[in-house]
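Here is the structure we will look at, set down as structure tokens.
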Amino acid sequence: MIADLAGWAAAFEPDAADRELARTALVDTAAVTVAAAGDPVARTTAGLPEALRWAATGHVLDFDDVHLPSTSHISVVCVSAALACGGGARAYLAGAGVMARLGTALGWSHYGSGWHTTCTAGAPAAAVAAGVALGLDEDGLRRAMALAVPAAGGVQRAFGTSGKSLQVGFAADAGVRAARLAVAGATADPAALDDWFALVGGAAEPDLSGPAVPDGLAVKLHPCCYAMQRPISAARELAYNGRGEASGAAVGGAAAGGGGAFGGRAEDIARITVTTPEAGMQPLIHHRPRTGLEAKFSMEYAVATALLDGFPGMADFTDAAAVRPEVRRLLDRTEVRVLPGGGSGLMEGETRVAVECADGQRAEAALELPQGHPGRPATAGELAAKVAACVGTARAPEVTELTWESAPRLLRGVLPPG
């Protein structure tokens, strides 16, 4: 059953729409990887294999794209694996297609149980991306996927620590290693894929129909968990409509107060109420974040920083920003009401944010889809602003015009072997 994905990948030929998706994924992934070059994860992985280092660094800001039906970060895994083996768009898309289908077949119940699908679906998918780049045929791809099974794990308890991005790096590296072993003639039983799939709770058979990545990819405009994109967008809409002042517009963020519609004045806000479906809280495990990494997985912080800073960016998810006194005051005034039931994914239902001000004014906004969702795509201007915020205006043209051939040189220059 799962081994059938190898046949799909071996026969896959991308069309123009697939190649456009691959190009956006390459540029977005490269940009967020460059942005994290100074992160401790980039330093601590020096000397380790390229796929591991590129994927871990590219994921540590939690700014990389998401495939919502599979609840997984497809591109940071599959771009890294493909590039590490000299692959291009077809290798990436073959791996991405396998990851999308495998993660979707694992289902929300798999993610809801605490697994990190980016890693569980990511290791076999990385084996496909690397295997296609290395020229493996269908049988070779099956063996590579099976050889990646021992590394197909990862848990949500790691969220808010270096472990989250590192386990994504482990998945990408495992796939590359498995593909190279398959090229060298290593044997494996493809039935291991079905056994593993059952053990981790998979039930549905993968759907081999549709484009390379069914339902497309969601591009993040804020560097934090995708479950925070919607409350941030709702809070920004609420701030604008409720106070009559425009929110900030720069992707870089504020983090110094004064950028948001409430002028950075926490004392203006008496109470915040967030109402959200239970599924939307699954990865948001930090209610009083103490670090920038923890703040990336906090519903309360999402709303606080959006109200205070306008357009939360990288500067709003540092250790110093997470413990600002004005943020802590808002966290104490925030109530999250979780609606029980459901469980169809992060974007189930809608998120509603209500703010009561000290002067008696009250504002409320509800949102189903954040900007950047495939159903509400980011504009060309928003994508360009994200790239510029990640790499700087001087380097933005280079990254925007990146090719599959030039990308490894860029990453090796930014993240030298160590």
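Throughout, residue positions are numbered sequentially from 1 according to the sequence presented.
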Is any NZ, NE, NH1 or NH2 atom of the basic residue among Arg142 and Glu138 found under 4.0 Å from an Asp or Glu carboxylate oxygen of the other?
yes
Partners passing salt bridge (charged side-chain N to carboxylate O under 4.0 Å, His left out) against Arg376 (at least two apart in sequence or in another chain):
Glu237
Would you indicate whether the side-chain heavy atoms of Arg412 and Trp54 approach each other to under 4.5 Å?
yes
With the side chain counted from C-beta on, respond yes when Leu307 and Val355 share a heavy-atom pair under 4.5 Å apart, and no when they do not.
yes
Can you list every pair that meets salt bridge (charged side-chain N to carboxylate O under 4.0 Å, His left out) and has a residue in residues 98-121, with sequence neighbours left out?
none
What is the distance from atom OG of Ser70 to atom CG of Leu106, rounded to the nearest 0.5 Å?
9.0 Å
In this structure, OG of Ser165 is separated from CG of Leu293 (nearest 0.5 Å) by 7.5 Å
Using modelled atom types and a 3.5 Å cut-off, is there a donor and acceptor pairing between side-chain atoms of Arg90 and backbone atoms of Arg19?
no
Is it true that the side chains of Tyr111 and Ser72 contain a donor and an acceptor less than 3.5 Å apart?
no
Give a yes or no on whether a salt bridge exists between Glu326 and Arg328, defined as a side-chain N under 4.0 angstrom from a carboxylate O.
no
Apply salt bridge (charged side-chain N to carboxylate O under 4.0 Å, His left out) to Arg180 and list each qualifying residue two or more places apart in sequence or on a separate chain.
none
Closest approach of Leu5 and Val98, non-hydrogen atoms and distance?
O-CG2, 4.0 Å
Applying side chain to side chain contact (heavy atoms under 4.5 Å, CB included), can you list everything that pairs with Ala42, at least two apart in sequence or on another chain?
Thr57, Leu415
Is Val168 close to Cys119 at the side-chain level, that is, under 4.5 Å between some pair of heavy atoms?
yes
Would the distance check show the side chain of Arg53 and the main-chain N or O of Gly47 forming a donor-acceptor pair, the cut-off being under 3.5 Å?
no
Kindly say whether Val213 contributes a backbone atom to a donor-acceptor pair with the side chain of His67 at under 3.5 angstrom?
no
Within the structure provided, determine whether Met299 and Thr276 are in side-chain contact (heavy-atom separation under 4.5 Å).
yes
Using side chain to side chain donor-acceptor pair (under 3.5 Å), reason through Thr351 and Arg230 one step at a time and then give a plain yes or no.
CA-CA 7 Å; Thr351 294; Arg230 183 164 64 179; 3.0 Å; yes
Val128 and Leu141: which non-hydrogen atoms are nearest, and at how many Å?
O-CD2, 4.0 Å
Across all chains, not counting sequence neighbours, the side chain to side chain contact (heavy atoms under 4.5 Å, CB included) partners of Glu398 are Arg395, Leu410
Hey, is the main chain of Ala365 close enough, under 3.5 Å, to the side chain of Arg352 for a donor-acceptor pair?
no
Arg333: which residues meet the side chain to side chain contact (heavy atoms under 4.5 Å, CB included) condition with it, sequence neighbours left out?
Arg329
Side-chain H-bond candidate by donor/acceptor type, Gln156 with Gln282, under 3.5 Å:
yes
Out of curiosity, Thr120 OG1 to Met99 CE, how far, rounded to the nearest 0.5 Å?
8.0 Å
Quick one: which residue pairs count as a ring pair (Phe, Tyr, Trp, His ring centres under 6.0 Å) with a foot in residues 211-237, not counting sequence neighbours?
His222-Phe311
Only distances under 3.5 Å count here; give the side-chain donor-acceptor pairs of residues 129-137 to other protein atoms, sequence neighbours excluded, each with its distance to 0.1 Å.
from: Asp137; atom 1: OD1; to: Asp139; atom 2: N; distance (Å): 3.3
from: Asp137; atom 1: OD1; to: Gly140; atom 2: N; distance (Å): 2.8

Worked check of side chain to side chain donor-acceptor pair (under 3.5 Å) between Asp65 and Ser75:
CA-CA 7 Å; Asp65 65 32; Ser75 294; 2.7 Å; yes
Please report the closest heavy-atom contact between Ala321 and Ala315, naming both atoms and the distance.
CB-O, 3.5 Å
Taking only residues two or more places apart in sequence, or in another chain, which ones meet Asp332 in a salt bridge (charged side-chain N to carboxylate O under 4.0 Å, His left out)?
Arg288
Could I get the full list of side chain to side chain contact (heavy atoms under 4.5 Å, CB included) partners for Ser109, not counting sequence neighbours?
none
What one should report as the nearest heavy-atom pair of Leu21 and Gly216 is CD1-CA, 4.2 Å
Thr29 and Asp64 side chains, donor-acceptor separation under 3.5 Å
no
Aromatic ring proximity Phe12/Trp8, centre distance under 6.0 Å:
yes
Do His373 and Leu68 have side chains that get closer than 4.5 Å, going by heavy atoms?
yes
Which one of Thr400, Asp28, Thr393 satisfies the side-chain contact (heavy atoms from CB on, under 4.5 Å) criterion with Val387?
Thr400
Shortest non-hydrogen pair, Ala82 vs Gly88, comes out as CB-O, 4.4 Å
Shortest non-hydrogen contact from Phe197 to Ala204?
CZ-O, 3.4 Å
Just by modelled atom types, is the Pro190 backbone N or O under 3.5 Å from a matching donor or acceptor in the Arg143 side chain?
no
Is Glu294 salt-bridged to Lys296, cutoff N-O under 4.0 Å?
no
Please test Arg177 against Asp173 for salt bridge (Lys or Arg N to Asp or Glu O under 4.0 Å), starting from the C-alpha separation and ending with a verdict.
CA-CA 6 Å; Arg177 183 172 64 242; Asp173 179 52; 3.2 Å; yes
Tell me, please, which residues at least two apart from Asp62 pass salt bridge (charged side-chain N to carboxylate O under 4.0 Å, His left out).
Lys164, Lys220
Less than 4.0 angstrom from a charged side-chain N to a carboxylate O is my criterion; do Asp309 and Arg324 meet it?
yes
Using modelled atom types only, decide if a donor and an acceptor are shared between the side chain of Ser80 and the backbone of Val77 within a distance under 3.5 Å.
no
Where at least one partner belongs to residues 150-181, residue pairs that pass ring pair (Phe, Tyr, Trp, His ring centres under 6.0 Å), sequence neighbours excluded
His116-Phe159, Phe159-Phe297
